[in-house]
Every structure is written in C-alpha cells, then in structure tokens.
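Keep in mind the model is a prediction, meaning the values are calculated, not measured. Throughout, protein chains are lettered first and strands after them, A, B, ... in sequence-line order, and every chain is numbered starting at 1. Side chains included, hydrogens not; waters and symmetry mates left out as well; all remaining heavy atoms used.
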2 protein chains.
Amino acid sequence: MATMVDVAALAGVSVKTVSNVLNGYPYIRDTTRDRVLAAIDELGYQVNVTARSLRSGRTGMIGLAVPELGQPYFGELADDILAAAREQDVQVLIEPTGFTREGELAALREPGRGLIDGLLFSPAALEQTDASLLEVDYPLVLLGEQMFSPRVDHVTMRNTEGARAATDLLLDHGRRRIAVIGMLHAQGAGSAALRYAGYRQALENRGLAVDPALFGWADDGWHRGNGALAMAAILDAGVDVDGVVAFNDALAMGAMFELQVRGRRIPEDVAVIGFDDIEDARYTVPSLTTVDPGRREIARVAVELLCRRVRERGDRDGVRPEAVLHLADMRIVERGSTPARA
Amino acid sequence: MATMVDVAALAGVSVKTVSNVLNGYPYIRDTTRDRVLAAIDELGYQVNVTARSLRSGRTGMIGLAVPELGQPYFGELADDILAAAREQDVQVLIEPTGFTREGELAALREPGRGLIDGLLFSPAALEQTDASLLEVDYPLVLLGEQMFSPRVDHVTMRNTEGARAATDLLLDHGRRRIAVIGMLHAQGAGSAALRYAGYRQALENRGLAVDPALFGWADDGWHRGNGALAMAAILDAGVDVDGVVAFNDALAMGAMFELQVRGRRIPEDVAVIGFDDIEDARYTVPSLTTVDPGRREIARVAVELLCRRVRERGDRDGVRPEAVLHLADMRIVERGSTPARA
DNA sequence: TTGTAGGCGTTATCAT
DNA sequence: ATGATAACGCCTACAA
C-alpha cells in the first residue's frame, strides 16, 4: 500500500504538499498540483482514513439509532439517510435499538463505540421523563417526535397536520362515518396522540362529533394484523363505516384486507387512507392513498444538520448554538383507495 | 478525553501495563490490574479505537452491501447481520447497491472507502460473467446465490430444496392444480430458476406434469402487486387452481389478496405458501405458511466466516484457504394459509 | 512482571 | 508556495 511519503517522493515534493493537494489547499502552483496528481494516479494511492481520523479527531462517520430495519418504515428511512450521508460524504453506522428502552439507552451511552462523530436518534421507547438523557456531550439530532428536550435538535414530521389532512380528504368526499385505526389506550405524546389530534380537529372544524364507536384499537403494535383485527371489531359491532383513517400504512393494509374479505368495495363503499407512504402502499389492490410525511426531507435535513453540528464543534468552544426544530413538508399521495377527485 | 498516559500516571504504572490489562495479557499481578482498572474507572477512560486501528491495521468494521433496506427481506437480513456482528464485537457499515450493476461494482471497488476489514456482499444485479470481479484483495463473503466463482466464500440458502418442500406440502394435502408465482422469462441461475427447479422436481417425483397454464409471471419484480397481477392472469384465463407456491412472501400476499377478493377461501379452496418468512407473513389473514430459508443462520455463519477470514489474513501470508460453501438449514413454517395436518 | 523507544500515516505549526 | 518536524493515541519489540 502506497503512502503519502511514496507519492511525495515520486512527485519530488514534500508530504505536506501532497496533503495540501488532497485537501484542496488553494495556494499551490498548478504544475506542482499536476505532478502530485499524476503520482497519486500512478501509484493508485488512497488516503488512509484511519490515520486521518487519528490526527483530525473526526472519523467521518455518523451513527443511526433506529428500532428495527425490518419494519419497512425504518428500512426505507435508513435508505434515505444513507443516500443523504453519501451526499455529505460521511459513512453511517447503524445501531438497532429493538424498540427497547435498554437498547436506546445503550445507543445513547456509547454510540458506535467511540468511532462516530455524531448520532441520529429515532426514539421509540424512551419516555418524556428521560429527556435529561438526551443532553449528551456529542452532536445529537433527534428524528421523530418532538416530545423531548427543547435544547436538542429535532427533525420531524407534521403528525397532526397530516392526520387532519387525511381526514379532511375523506370528509371532502362526503364521508361522515370515518373509522380511525391505531388508537392506543396508553398514549403519551407519541405519534398516536398527535395523529389522533389531527383526526379530531378535522371533524370538529366541521362541527362533527367524534364517535368512540369508530375507534380501532391497536395496543399491540401498528402491524397489519392489528389493523385487520381493529377493523373487524368495529364491523362486528355493527357500526356503520364509509371511511378509514389509519395511523400507518400497515394498519391501513390490514383494514383494507378485512373490508374486502367482507365484501366491502374500496373506495366505493369505504375509502381508506394510510400514513407513511411506504413502498408497499403502491402495490396493494387498490393502491393505497396515504400521507407522505416527507421522509426524504427529514433524512436530508437531519444529516445536513448533524454534519453542521460536527463541524461547529471544532470551531466554537463550548458555546452551544440554539437548538433547531425542523418540521418536514407533508403531502397527501392520492391513489386508488380514495375516490378520484370530481 | 483521558488517554492511556493519564491512566498510567494515575495508577502509577507505565502505559504498556495499561495496554496489557486492556488486552487481557495474562502475566499481571492482581494488585496492579486492580489499580489500573480503578484508574480507568475513575477517569472514565475509553480506548481510542482510531489509534488502535492505525496501529493494528484493522478497523473492527465490516461492510454489508445489499440492494435496499426498504425491502423487508433485506431489512430483516440486515437486522440479523447486525445482531451477529455485535456478537463478534464488530461494527457494520451498510452500503446500499440499489439493485443496480453500477451500485454493486462501486461497492466491490472501494468498500467502505477503505475503513472496513472485509465485505459481506449480497449480489442482485451482477451476472455470472462478472465472476472475475469477485476476486478482490480483501476478505469477501457472498450472501445468496451460489452462481459465482468457486474460489469465493458463499453462505446461502437451499433454494431448490425449499421450493420442493413447499410444493410437496401442498401435494401432500391432495392439491394437484398448483400455480407457481414469480416466474421470470429472463431467468439465469438466480433464485427464480432454482426455486422453479424445486417446484418442477416435486411434481415430477410424483409423476405429475408441469402445466405452463399455472405459471404466474412477475418479470417486473417480486412485489405484492405483481403477485396479484400474476394470480389474476391465471384466474382470468379460467385455469383451475387449488394451490399456490409463490417465490417470495410479497408475491404470496398479492396472490392471496387477489384470491380473496374473488371469493376464494384460503386455505379451503386454495392453499398458499410463500418463501422467506418475513415478519409480515405472520400478520396476513389468514397467516401465511412459508419457507424459512434460515436467514438468521446465514447471517451468523457469514459474519463468523468473514471475521475468521479477517483474522487469517494477518496470520498466513498469501496462502488463500479453500473457499467455503455453507447452505443454511431451511424449514417450512406452517400457518393458516395451508390446511392443518390431518 | 513491567518499562522504554519507536512507528503506524496523516495533518498542524512554523519556518522559509 | 513549499518544506521540516512534531504530534494524534496506541501497540509491538526489546530490554530490564
């Protein structure tokens, strides 16, 4: 493996000049630069990232702590984060937290075993009372709920607005018996609570009452099976339904399944809308209308923000900049499970 | 940040002794070890992984090149790999290849930008003619098809055997009109060809003919929607069907959907079996019987093998050990979409 | 059983 | 505009 010394020797310059060329130092004669580049090319030289890290104190890697990549939403989020990181020229170390408090605490305590410059953290099990744990001594950006410390950077989605827009879409089509799938009995300030607030607001804005008979409970997780069960429970109770707002796409798919098995036509008899816009939503029959919460934007902004924080840490000393709260744009993706616009 | 020098000073020993304690060197007096450990604890000292890497020439990280984490199979595979890596005390750098040849070539060419010790590679777009590209100068273990060089380590699944067992299960229940979903016109030596071979073998073993009218084509990808379309094409042609073997779970779900929408009962009228055992398969209605190809085992064995290769590289010089081919155990997971055993 | 010296490949400092 | 030299923090010889 060739080193900078070899390149310098071949180009007839000092190692420092090679380093300067590599790092875009401006004051270099063109002829010198050319000779160095030629030598690099000839030797097939590549910088030793490890040595650079040791010297600079940065690894060029960031961590991503998410519950589980097998869950399509998080798998797709990870894909988006990886794409954004490639853009910023950083590598990503993924740390699955398994939906557990211990997993999340471990990720916060020793992220990447000391070889990352900062952490993107998507909490799923921590409670509001754990907020103090987020005051760590490395750059940290939170993805998802804004239920934590106002002193920590957040990049998240418009949960309430999204659910309100989803409900409005069905209301606009004249639906008045709109089931809401994904309710949790033990809801704190998480997505469930925020999305329910949007559902309620949409109804109340039109002077309509919220009917608990239309609540579909999914305390065991927002899985497809629980969506089907929740839908079944509502239908079994003989409740009249002409629309469904589900808190995520998996629940929506389960509900669609149950409706179709019972002979309800979608969207003619019942219109259905989900949340998240996962890839699978394109491939249901009919395809699923859903809320795109701006996952790509979240990924891009979060990675950029984290990289900025990493850079800032080198500059300023001790003076923490104001925490940022970024809410991504959301939009409705209309597909076959809701009626075509008039 | 405390360094080894600080620890040594506080403990009243040399840095070498601290290093020895950290690396489990046996000949250390207990009292010395205790003093060192106490100093480490007091200073909250953590080894600088970067410096260690520079010195040792290893980073303690491996790469994982997969098409896309958003696809549940790969997301779950990544979870399993990450778990196995944690067991081996290595970190994983994920490199999405996006189902493209360029992406896979890039991953092979400069994996992890020089900061990984070895690569796990799950090819999806490379052709058999690209086999020579796999002869790289770093440890490489292939996941998936064994369609490549016999000089490269492979850890993969029993594709043919799995599909044969799946077909046998339906045959055992007396099904004789078994559709096969996921056929590709342009099949090389990939999963589609191997799994079709299993389907065919099962029929031929019982002296049954293969009927092309039962072929469900999915040239546009093994997505749920294409499973539904393939099923619809068969049913629209008026072909009699009492069983379905799908080449993956997504296709199976699409086929189930289409069958149920048309009023066929599962498993009474049509029995359905998938392949991969993704998490979602538990949550369909009815739950999906499928082939568990041994994904966890594949992940564990592949990570262990790669770590061994990394270690070996330090020992032997130039002498490549014989390439390993490991086929994971597969098994059928019986659920509601096939009839209960008599 | 413990200590000393030196180097892994790069970048920062300070000259020139 | 370029060069010499000293770190960065750890580990391996070798010495004691």
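The residue among A:A2 and B:R29 whose nearest nucleotide of DNA chain C lies closer to the 5′ end is B:R29. Nearest-nucleotide positions on DNA chain C place B:G12 closer to the 5' end than the other of A:K16 and B:G12.
As a whole-Å value, the separation of B:N20 CG from C:dT1 P is 11 Å. Rounded to an integer number of Å, the gap from A:Y25 OH to C:dA12 P is 11 Å. For the pair B:Q46 CD and D:dG9 C1', the interatomic distance rounds to 14 Å; values are reported in whole Å. For A:L54 and D:dA6, the CG to C1' distance is 13 Å, given to the nearest whole Å. Put simply, CG on B:L115 is 15 Å from C1' on C:dT10, counting in whole angstrom units. When the P atom of D:dA7 is taken as reference, atom CE of B:M4 falls 20 Å away, rounded to whole Å. For the pair A:R52 CZ and C:dC8 P, the interatomic distance rounds to 19 Å; values are reported in whole Å. Atom CG in A:L22 sits roughly 15 Å away from atom P in C:dG9 (whole-Å rounding).
In this structure, B:T32 reaches the C:dT2 phosphate: one of its side-chain N or O atoms is under 4.0 Å from OP1 or OP2. When the side-chain nitrogen and oxygen atoms of A:Y27 are compared with OP1 and OP2 of D:dG3, none of them lie within a distance under 4.0 Å. For D:dC11, the OP1/OP2 oxygens have a side-chain nitrogen or oxygen of B:N23 closer than 4.0 Å. A close approach under 4.0 Å does occur between a side-chain nitrogen or oxygen of B:S19 and OP1 or OP2 of D:dC11. Close to C:dG9, at under 4.0 Å from its OP1 or OP2, lies no side-chain N or O of A:T50. The phosphate of C:dT10 (OP1 or OP2) has a side-chain N or O of A:Y45 nearer than 4.0 angstrom. Note on A:S14: a side-chain N or O is less than 4.0 Å away from OP1 or OP2 of D:dG3.
The existence of a salt bridge linking A:E312 and A:R308 is confirmed by a sub-4.0 Å separation between a basic side-chain nitrogen and an acidic carboxylate oxygen. Here A:D117 does not pair with A:R309 in a salt bridge; the nearest charged N to carboxylate O distance is not below 4.0 Å. For the pair B:R295 and B:D80, the salt-bridge criterion is met [side-chain N within less than 4.0 Å of a carboxylate O].
Rounding to the nearest 0.5 angstrom, the gap separating the OG1 atom in B:T156 from the NE2 atom in B:H326 is 10.0 Å.
When heavy atoms are screened at a 4.0 angstrom cut-off, A:S56 is found touching no nucleic acid atom at all. Nucleic acid contact class of B:V13 (heavy atoms, under 4.0 Å, all strands): sugar-phosphate only. Residue contacts shown for A:V47 are limited to sugar-phosphate atoms, with no base heavy atom under 4.0 Å away.
The environment of A:E110 atom CD is dense: over 12 non-hydrogen atoms of other residues, nucleotides or ligands sit within 6.0 angstrom. Other residues, nucleotides and ligands contribute over 12 non-hydrogen atoms within 6.0 Å of the CZ atom of B:R35.
A:R55 contributes no side-chain N or O that forms a donor-acceptor pair with the base of C:dT10 under 3.5 Å.
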